[in-house]
Amino acid sequence: MATTQLEDPQNDVETTSEMPTTADDSASKVGFDEMGLSESMLATLKSIGYETPSPVQGGVIPIALAGNDVLGQARTGTGKTAAFAIPILETMEDRGKGAAPQAIVLVPTRELAVQVTDEFQRLAGERKFRCVAVYGGKPIKAQISKLERGADVVIGTPGRVLDHIGRHTIDLRTLRVVVLDEADRMLDIGFRPDIEKILRQCPAKRQTLLLSATVAPPVKRLAERYMHEPVMLDFSPKNKSVDTIEQHFFTVDGDRKYDLLNRLLEREQPSQTIVFCRTKRGCDKIHERLSRKRKGIGCIHGDLPQGARDKVMKAFRAEEITLLVATDVVGRGIDVSSISHIINYDIPQSSDDYVHRVGRTGRMGRDGVAYTFVTREEGDELTRIEILINKVLIEDKIDGFEAARPTQKRAAAAVKFYGAGTQASDNEEAVEAPVEAAPAPEAPKPAPFGRRGRSKHRRGL
DNA sequence: AAAAAAG
């Protein structure tokens with residue numbers, strides 16, 4: 001039976017707060033039945049297969065239930081959604097028909113709005129509860145009429161939420177809880193002004209829950225400004241990427257990627273896959289070519305009409321689509337437990353994005369595999385990823401697609417430039433790699449792993 | 001330069 005230990009169950013919880021909290025490394029050992037949850041909630045959790053709280057849930061639920069603001073550093077997934085949804089549902093007041101929302105959840109993408117809404121509905125079980133997803137790209141009228149009928153919780157992307165506020169179709173004055181999900185991502189996208197406008201519409205006396213993969217200075221500033229003595233919980237693992245995910249890479253020339261993809265799919269016969277691509281155009285191209293000879297291919301990116309996007313996600317969840325070609329729209333947070341393979345057709349732009357993409361697989365404790373296509377110019381990016389996850393990706397080969405560049409050099413360069421302390425403890429490759437094998441300075445062609453940091457520094461600023 | 005998101 002499935003458990004709720006979706007995110008790094010072995011990972012310890014670190015609390016960093018001046019106030020004493022209940023969240024320590026024993027938090028995950030506390031059962032749902034020891035959290036003071038209602039009988040109906042416990043019954044619902046049981047019926048949907050939630051047996052043991054994940055560390056995130058173990059940490060967040062009791063603290064949120066006690067009414068505290070929470071600043072949680074945690075990656076995406078059902079574990080996190082339930083962590084804020086359960087306390088919201090448990091403290092729900094019966095305000096009668098057509099009442100204004102009691103909670104609002106802000107998320108960075110429309111797909112996440114849909115996913116979080118579905119999760120709320122699932123966790124609400126039999127109880128009387130209404131939640132409405134509010135996001136752009138779709139006719140606003142349907143959303144308005146739903147809101148008029150009354151919504152206990154509104155889940156949305158900031159732009160459309162603001163639109164509703166302007167039309168007075170959402171009233172935030174009697175709100176109890178605000179959730180900022182994927183806060184770092186929302187700030188990245190440039191939602192800061194929108195988020196602040198929305199927060200200013202909320203009552204001062206409220207509970208604010210902020211979840212973020214990283215707590216960089218911009219996130220901290222937001223928290224300082226809009227949160228009240230937040231309890232800080234850090235669920236970020238020492239080991240950035242989940243151990244149940246096998247991570248490989250191929251070196252390949254750009255113009256041979258498509259052939260390699262086909263060969264890899266033939267070899268792997270994956271049950272469900274996301275192929276991540278850097279550009280929307282690239283997605284379209286790969287999607288079109290793959291669809292010519294295969295069935296169950298889907299495509300999603302920000303240029304597609306929202307109706308099509310929603311449909312594709314639904315079909316993907318229903319496993320009618322088994323291979324999804326996507327941009328980073330779905331790089332974060334999307335939770336489809338049957339995804340067995342992640343293929344980075346293009347290496348992600350930032351190593352954080354890599355961690356998020358790869359985290360789409362290996363969910364619900366299942367195994368997952370990730371493959372990253374690396375061209376000979378992209379050595380730096382690969383190294384940066386390896387430094388971040390503190391692991392050396394295993395090189396894979398398929399006949400006819402030989403490496404453009406030897407692995408030894410790559411690992412050696414990593415050791416040389418980042419120091420021996422960064423090598424993967426569970427991977428002997430990096431340890432054994434001779435430092436002398438680093439790219440020779442007199443090499444005529446640009447050494448991919450060579451002097452990356454320096455040239456950047458020189459040019460930078 | 002690309003991606004996301006309000007229309």
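Just so it is clear: chains get the letters A, B, ... in the order the sequence lines come, proteins before strands, and each one is counted from 1. Excluded from the calculations below are hydrogen atoms, water molecules and symmetry mates; all remaining heavy atoms, backbone and side chain alike, are included.
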Query raised in the report: At under 4.0 Å between heavy atoms, what does A:Gly190 touch on the DNA or RNA strands: base, sugar-phosphate, or nothing?
Result: nothing

Report task. May I ask you to evaluate whether A:Thr157 reaches the phosphate of B:dA6, defined as a side-chain N or O under 4.0 Å from OP1 or OP2? Result -> yes

Report task. Using atom CG of A:Asp284 as one end and atom P of B:dA2 as the other, report the distance to the nearest whole Å. Result -> 14 Å

Query raised in the report: If you take atom types as modelled and just measure distance, does the side chain of A:Gln349 reach the base of B:dA1 with a donor-acceptor pair under 3.5 Å?
Result: yes

Query - Any A:Arg110 side-chain nitrogen or oxygen under 4.0 Å from OP1 or OP2 of B:dA6 - result: yes

Query raised in the report: Rounded to whole angstroms, how far apart are CG on A:Leu304 and P on B:dA3?
Result: 12 Å

Query raised in the report: What's the closest nucleotide to the A:Arg278 side chain, out of B:dA6, B:dA5, B:dA2?
Result: B:dA2

Requested in this report: With the side chain counted from C-beta on, respond yes when A:Ile165 and A:Leu172 share a heavy-atom pair under 4.5 Å apart, and no when they do not.
Outcome: yes

Query raised in the report: If only side-chain N and O atoms of A:Thr327 are considered, is one of them under 4.0 Å from the OP1 or OP2 phosphate oxygen of B:dA4?
Result: yes

Query - A:Lys280 vs B:dA4: side-chain N/O to OP1/OP2 distance below 4.0 Å - result: yes

Report summary line: The side chain to side chain contact (heavy atoms under 4.5 Å, CB included) partners of A:Asp118 (sequence neighbours excluded) come to A:Val114

Report task. Ignoring backbone atoms, test whether A:Arg309 places a side-chain nitrogen or oxygen under 4.0 Å from the OP1 or OP2 oxygen of B:dA5. Result -> yes

Report task. Please report, rounded to the nearest Å, how far the C1' atom of B:dA3 is from the OH atom of A:Tyr354. Result -> 20 Å

**Report entry** Heavy atoms from other residues, nucleotides or ligands near CZ of A:Arg225 exceed 12 (cutoff 6.0 Å)
**Finding:** no

Report summary line: In whole angstroms, the gap separating P of B:dA2 from CD of A:Glu381 amounts to 16 Å

Requested in this report: Return the value, rounded to whole Å, for the distance between atom CG of A:Leu162 and atom P of B:dA4.
Outcome: 21 Å

Report task. Check the surroundings of atom CZ in A:Arg173: do more than 12 heavy atoms from other residues, nucleotides or ligands lie under 6.0 Å from it? Result -> no

Query raised in the report: What nucleotide among B:dA2, B:dA5, B:dA6 has an atom nearest to a side-chain atom of A:Thr279?
Result: B:dA2

